[in-house]
Amino acid sequence: MIRKKIAAIIKEAGDRCVQKGIFPPETEIKPIIEIPKELEHGDYSTNLAFSLARSLRQSPEVIAKALIERMDFEDVCTKVDVAAKGFVNFHVRDEVYRSALKDVVKQGVESFLPDVGEGRRVLIEFVSSNPTGPLHVGHGRGAAVGDVLANLLRKAGFDVVTEYYVNDAGRQIETLGRSVYLRWKEIRGENVEYPENFYQGAYIREIAGRMIAEGLPIPEEEPEAVRFMARYAAEVVLVGIQKDLEDFGVRFDNYYHERTLFEEGHVDGAIEILRKAGYLYEQEGALWFKMAEKGDEKDRVIIKSDGEKTYFASDIAYHSQKFARKFDILIDIWGSDHHGYIPRLKASIEALGEDKERLKVILIQFVTLLREGKPVGMSTRAGQFTTLREVMDEVGKDAARFFFLMRKSDAHLEFDLDLAKKTSNENPVYYVQYAHARIESIFRLAREEGIDLAEGSEADVSLLVLPEETELIKGILRFYTVIEGGARSLEPHRLTFYLVELVGSFHSYYNKVRVLKNEVSLTKARLTLLYALQQVIRSGLEIVGVSAPDRM
RNA sequence: GCGCCUGUAGCUCAAUCAGGACAGAGCAACGGACUUCUAAUCCGUAGGUUCCGCGUUCGAGUCGCGGCAGGCGCGCCA
């Protein structure tokens, strides 16, 4: 909110320079405002003078001075100066921060959230793991990123729908059915050869056993039995996945089944559109999509020569449906091993006549679990991958979610299981939660002394004169910048970084400054500051989906 | 072979809307702080050729080109 004021001040000064003929009339005043790293460089700065220097054929310093001379900054800043040969530095009045704090306390932290979305409709599709086995840690990371991004975008004014795409039509489901079928035969005493590419996990046998225990009417003939078991197993696995997700704090608005794409004719419909638009051709009995001319490496098959449609075909139909469902922005969250798929999907969206820029793909890099500093083996082939459930059981939901968001999603993540369980400042989750609990503890004692927080908004915040206090207020206000930046760049991990940093300055303040047992007016002022701080921490943790305990 | 991602302190990572001021944290190391609102905390010290080279620019960790190293992808698989 202060940033906007600074921007207005610069703009005004720039316009005046144009009016007075100091800058040529066509000069565009689009200031980039940043927060300097060095405190001495003020609260905000702009490099506008540098960017104008070339077109104005003037030194940045001269331009900067011309700007400042025509600047009305008194209301917001104590001083504005030129540094380092052209940077314009703004030193904001402490009162401005204090009154911003007052606004936040009075109206609530959330009432100042930036409206980035302006009501635009966003569909976030994530996890979308095939219902052929339990979720592993990689899916967990995707789930955390997707869920937190959804929370973040909602706070930032988007109309968000989350969706899980269930691949229940393809080959893998058939393999699942066959896997169960073989284990079923095995349990009944038959000798079977179990192929390596079948699902290896113990859950396959369990499902087979369960079918027997429940006395289900299993068809006589093998093809029917396989189909029956595929359906049954997919259902069981999906329910398990949903349970895992729920315990992980992730709830989807929608489950979209691939099968419905076929049943409702959307796959044929999409193919028809592409055919009419001239993107398809037949060769060697298969139907091909002309991709090479659309930016992909080569042409791709949509219908195989055996008549079966490829995964790609249903994906085109699915995304076509997403557009048909009137979403402004589509966000897909995939494992980074699918990155080669992006040009293909974007090309097909373009071919369907939609704007491919409206699809944003977020790639999730792999997770390496560490125990005692060593990577934990995760070979899928042996069926001994680490499941999300195991990690959750071991470190808890809060730590798991927080840890998944401690790196930007396209970077490898090392997940230190021992660290996630530690209850010390080394563990960022506890570090943040502890700050929340600590503040609450101060409030409890204050109440015992008869100082009620409800009076907080009447406190005299002008008593908050310590530099640490101004820094804390700045930290609180930065929440809005982080939400805005995170929503714009689709980077939910910024939130965890922010929280750790914010809370760090609180712990430091706590050790240095007494809140209670001062003059009542000063105590109240400081309680007010902590009140706003706690609200921000709680709101931030809520977005991340981590609990904010009152006691630890 | 071609394409995408990554390379920053011993380790794990930052560096804000695609270039800004002296590259910042945490951990580990070392030295300190509990008769005080929760020590699950804090304060201090030390730690760097931002993988290498060239280029663009007033200015490069950031942009371009060329290397080097690692990960991933390039199927009528899903």
Side-chain angles (χ1 to χ4, degrees), chain A residues 32-38 40-41 45-47 50-51 53-54 59-60 83-87 89 130 132 167 170-173 175 197 283-288 296-298 300-312 314-315 335-343 363 365-366 370 373 406-408 410-414 416 419 422-431 433-435 437-446 449 478 481-482 484-486 488-489 491 493-494 497-498 500-501 504 506-518 523 526-527 530 551-552:
Chain A
I32 292 177
I33 297 167
E34 35 193 28
I35 298 174
K37 290 171 210 154
E38 292 291 323
E40 303 147 33
H41 295 147
S45 75
T46 182
N47 62 351
F50 285 98
S51 45
R54 181 181 284 255
S59 82
K85 300 192 183 89
F87 283 100
N89 293 337
N130 294 328
T132 51
N167 290 106
R171 192 58 173 279
Q172 301 160 94
I173 293 297
T175 306
N197 62 342
Q283 188 181 305
E284 292 168 26
L287 191 63
W288 293 73
D296 196 9
E297 293 165 344
K298 50 178 95 165
R300 310 284 176 180
V301 168
I302 289 208
I303 302 178
K304 298 192 270 182
S305 50
D306 65 4
E308 203 178 322
K309 280 152 192 140
T310 61
Y311 182 90
F312 185 36
S314 38
D315 239 13
S336 65
D337 52 338
H338 289 77
H339 69 77
Y341 200 70
I342 298 174
L363 297 176
Q365 269 286 4
F366 293 123
L370 296 180
M406 287 208 306
R407 302 279 174 270
K408 58 179 159 202
D410 59 0
H412 284 271
L413 172 69
E414 294 204 330
D416 188 330
L419 177 61
K422 256 185 210 166
T423 53
S424 77
N425 63 339
E426 293 163 57
N427 185 343
V429 188
Y430 285 93
Y431 192 65
Q433 289 180 319
Y434 185 47
R438 244 185 175 178
I439 294 172
E440 189 58 36
S441 158
I442 295 177
F443 290 165
R444 271 196 301 271
L445 288 167
E449 288 178 26
R478 214 152 47 81
T481 317
V482 172
E484 186 177 351
R488 284 235 155 82
S489 59
E491 291 178 347
H493 72 281
R494 292 187 188 198
F497 280 96
Y498 164 71
V500 169
E501 205 177 306
F506 162 71
H507 284 308
S508 189
Y509 178 72
Y510 179 92
N511 272 275
K512 194 168 176 181
V513 175
R514 294 214 116 241
V515 175
L516 301 177
K517 304 221 164 90
N518 292 306
T523 291
R526 289 186 173 160
L527 285 173
L530 294 195
R551 263 177 228 271
M552 287 174 76

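Order of the sequence lines fixes the chain letters, A, B, ..., with proteins taken first and strands second; residue numbering starts at 1 for each chain. Worth knowing before you read on, the calculation uses all heavy atoms, side chains too, and leaves out hydrogens, waters and symmetry mates.
Within the 4.0 angstrom heavy-atom criterion, base atoms lie near A/S305. Residue A/R494 is in sugar-phosphate contact alone, with no base atom involved, counting any heavy-atom pair closer than 4.0 Å across all strands shown. If you check every strand for non-hydrogen atoms under 4.0 Å, A/L445 touches sugar and phosphate atoms only. Counting non-hydrogen atoms under 4.0 angstrom, A/A446 reaches nothing in the nucleic acid. Looking at heavy-atom distances under 4.0 Å, A/N427 makes no contact with the nucleic acid at all. Note on A/I33: a base of the nucleic acid sits closer than 4.0 angstrom, heavy atoms only. At a threshold of 4.0 angstrom between heavy atoms, the contacts of A/K298 are confined to the sugar-phosphate backbone, with no base atom among them.
Every residue meeting the salt bridge (Lys or Arg N to Asp or Glu O under 4.0 Å) condition with A/R300, not counting sequence neighbours, appears here in chain and number order: A/D296, A/E297. In this view, A/H338 satisfies the ring-ring contact (aromatic ring centres under 6.0 Å, His included) rule with no residue, not counting sequence neighbours. Scored by the side chain to side chain contact (heavy atoms under 4.5 Å, CB included) test, A/N167 finds A/N130, A/Y165, A/E258, A/Y311 as partners (sequence neighbours excluded). For the ring-ring contact (aromatic ring centres under 6.0 Å, His included) test, residues two or more places apart in sequence or in another chain that qualify with A/H493 are A/F497.
B/A46 shows a glycosidic angle more than 90° from 0 and is accordingly assigned anti.
Looking at A/D337, its side chain has no donor and acceptor atom pair within 3.5 Å of the base of B/G73. Contact of A/H339 with B/C72 (side chain to base): a donor-acceptor pair of N or O atoms is detected under 3.5 Å. The base of B/C5 has none of its N or O atoms less than 3.5 Å from a complementary donor or acceptor on the side chain of A/Q365.
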Measure all distances between protein nitrogen or oxygen atoms and nitrogen or oxygen atoms of nucleotides 24-27 of chain B, and list the pairs falling under 3.5 Å.
{"unit_1": "B/C27", "atom_1": "OP1", "unit_2": "A/N425", "atom_2": "ND2", "d": "3.3"}

For nucleotides 7-14 of chain B, print each protein N/O atom paired with a nucleotide N/O atom at under 3.5 Å, atom names and distance only.
{"unit_1": "B/U12", "atom_1": "O2'", "unit_2": "A/R407", "atom_2": "NH2", "d": "2.1"}
{"unit_1": "B/C13", "atom_1": "OP1", "unit_2": "A/H412", "atom_2": "O", "d": "3.3"}
{"unit_1": "B/C13", "atom_1": "O5'", "unit_2": "A/R407", "atom_2": "NE", "d": "2.8"}

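For the C1' atoms, the distance linking B/C27 with B/G70 amounts to 24 Å, nearest Å. When the C1' atom is compared between B/G71 and B/G59, the two are found 33 Å apart, to the nearest whole Å.
Between A/H338 and B/G73, no base-stacking contact is recorded for ring centres under 5.5 Å apart and planes less than 30° from parallel.
Taking every heavy atom of both residues into account, A/F50 and A/G86 meet most closely at CE1-C, 3.5 Å.
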